[in-house]
Amino acid sequence: MSVDKRFYLTTPIYYVNDVPHIGHAYTTLACDVMARYKRARGYEVSFLTGTDEHGQKVEKAAHAKGETPLELADRVVKRFQSLWEKLNISNTDFIRTSQERHKLAVQEIFRTIEAKGDIYLGEYEDWYCTPCETFWTETNLLDGNCPDCGRPTDKLKEESYFFRMSKYQDQMLEHIEANPDFIQPKTRRNEILSFLREGLRDLSISRTTFSWGIPVPGNDKHVIYVWFDALTNYISALGYPNDSNDDFNKFWPCDAHVIGKDILRFHTIYWPTFLLAAGLPLPKKIFAHGWWTVEGQKMSKSLANVVEPNMLIDKYGVDAIRYFLLREVPFGLDGDFSHSALVHRINSDLANDLGNLVSRSTAMLSKYFKGELTTPCKETDIDKVLRDKFIQIVAVVYKHMEAFAFNKALQSIWELVSAANKYIDDSAPWTLAKDDDQRERLGTVMYNLLEAVRLISLLVTPFMPDTGARICTILGIDPEDQQLDKHDSWGLLKPGTMVEKATPLFPRIET
RNA sequence: GGCGGUGUAGCUCAGUUGGUUAGAGCAUGCGGCUCAUAUCCGCAGUGUCCGGAGUUCGAAUCUCUGCACCGCCA
């Protein structure tokens, strides 16, 4: 086992037939928070996102608009990329399945598995909707008709390459049983286990009905099936198979594939069995998060309630959105997005609790000491309680972060915000300020308070990078040099530092 | 239909291996402070722990059963 502190995590690659919505933003954001957290803990992080560009739907949509599939993809990719920039996403790479590096990797893994004898040419038989040019399984049909357009379907055969997935059923079962954390949360693991126990069939991994895709090596009539193509992005981005930058060697196996629950099976069965067949190590963890409803209703184009992330960021600010999405709902469960809940969180958690804490703390230091931190003196009981609480809860936050329990991590951080607010009440600086003999005590209280604010800002930074940096700047420390692994102990603020009087971090939203 | 899960305060949920008056946050009511973005701190509640039966000295927790809701079944 490597002792190097490296961490590789991925979002799914997003299909360019769809434009970015809150669901995409959520997955990507969760990964970003984890990536920033791991970096802050001293890890070298590889954080991949990207786009899935092949397939019949894209081909058809492009033709309908009179452009090539690649032109369509180029257009939509920009929308994803600009949103990630706006959301402050710190991905280290962006893979597109139309890229040459990806094509090379997909064809190589196909050849490898074929050479092993796990790919064979056969016939794919299913129900076909001619107008939609789409195959459907029997269970998907609605009264025998196409679930998309409602028109009748025909039973059709198509020549197809198959992957001997059935061969890996027992191996997968054993792996999942031996690794309880491989699939999270637990309910998703149960689903996959029961699915596996019912038996795996071989998987059709090529199509001949469209051409926008990666050709099967040695047979141009066939295009490689979208999931075989798409899943391979996780290693093609690392440079598989040539690995000229040594990234594949450094970062594979992946620490976590973060996905939505809709693509669970592809990631927990298809992908691992491909890897087993290719003789490559399996990812360490697949974490499937839940869905967002909007104002209590399912998001849908027909309801026109799809939440546009750009608009939200413009209206409420990027950090408020980042905070809300990860605080409101346990990662792994479904949740509801509502404007009233968002405004409520912004006002109570961000403006009243955190923002106001920074305001009152810096205002007092400014008023009583012209903003200059003094050397802390004798520690009292309430000081010790505060310090102990911070030491203890920092560890708890780390524990939650390692478990992808973002909402619990934030809850714990907010216990610290409350503790700091309570410390102000208990120590009553305004009373100390009236007595010249208490000058030293007042300075100590101010020091402890600002030190609490410093640690809170560090903990909050992975979630709200701009806010974290802003607080650091106010405290007169360099945000660039504030990694948790070097700065997470109590008492690191330097006496003599000049602290700014803060302007409100999060203005209250009047309702 | 098969498998899995959920049902606890007005709302969202915690409740470890069954053990004294069932908890947190938000919302509500009352009190306190004045440094602060009218913000903060403290106190107070209220619960047939979905229904029923059983095991036990003792069940929110274990067993059976009924009801309701949710997920998965290429």
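Throughout, protein chains are lettered first and strands after them, A, B, ... in sequence-line order, and every chain is numbered starting at 1. The analysis underlying the following values was restricted to heavy atoms, covering all of them including side chains, and did not include hydrogens, waters or symmetry mates.
Within the 4.0 angstrom heavy-atom criterion, base atoms lie near Met165(A). Using a 4.0 Å heavy-atom cutoff across all strands shown, Lys186(A) reaches no nucleic acid atom at all. Contact annotation for Ala351(A): base contact, defined as any heavy-atom pair under 4.0 Å involving a base atom. Among the heavy atoms of the strands lying under 4.0 Å from Phe506(A) is at least one base atom, whether or not backbone atoms are also near.
Listed nucleotides rC3(B), rG42(B), rC73(B) differ in distance to Phe195(A); the shortest reach to its side chain belongs to rC73(B). Closest to the side chain of Asn421(A), out of rC35(B), rG4(B), rC41(B), is rC41(B). In the set rC41(B), rA74(B), rU37(B), rU37(B) carries the atom at the smallest distance from any side-chain atom of Leu505(A). Minimum atom distance to the side chain of Asp425(A) is reached by rC40(B), of the listed rU39(B), rC40(B), rU34(B).
A salt bridge is defined here as a Lys NZ or Arg NE, NH1 or NH2 lying under 4.0 Å from an Asp or Glu carboxylate O, and Lys422(A) with Asp426(A) meets this definition. Ion pairing between Glu177(A) and Arg197(A) holds under the 4.0 Å rule for side-chain N and carboxylate O.
Contact annotation: Arg188(A) side-chain N/O to rC72(B) OP1/OP2 distance is not under 4.0 Å. Close to rC73(B), at under 4.0 Å from its OP1 or OP2, lies no side-chain N or O of Arg197(A). Note on His344(A): every side-chain N or O is 4.0 Å or more away from OP1 and OP2 of rC11(B).
Environment of CD in Glu379(A): crowded, with over 12 heavy atoms of neighbouring residues, nucleotides or ligands closer than 6.0 Å.
Pairing partner, rC69(B): rG5(B), with both Watson-Crick or wobble hydrogen-bond distances short of 3.5 Å.
The CG-C1' distance, from Asp426(A) to rC35(B), rounds to 14 Å in whole Å.
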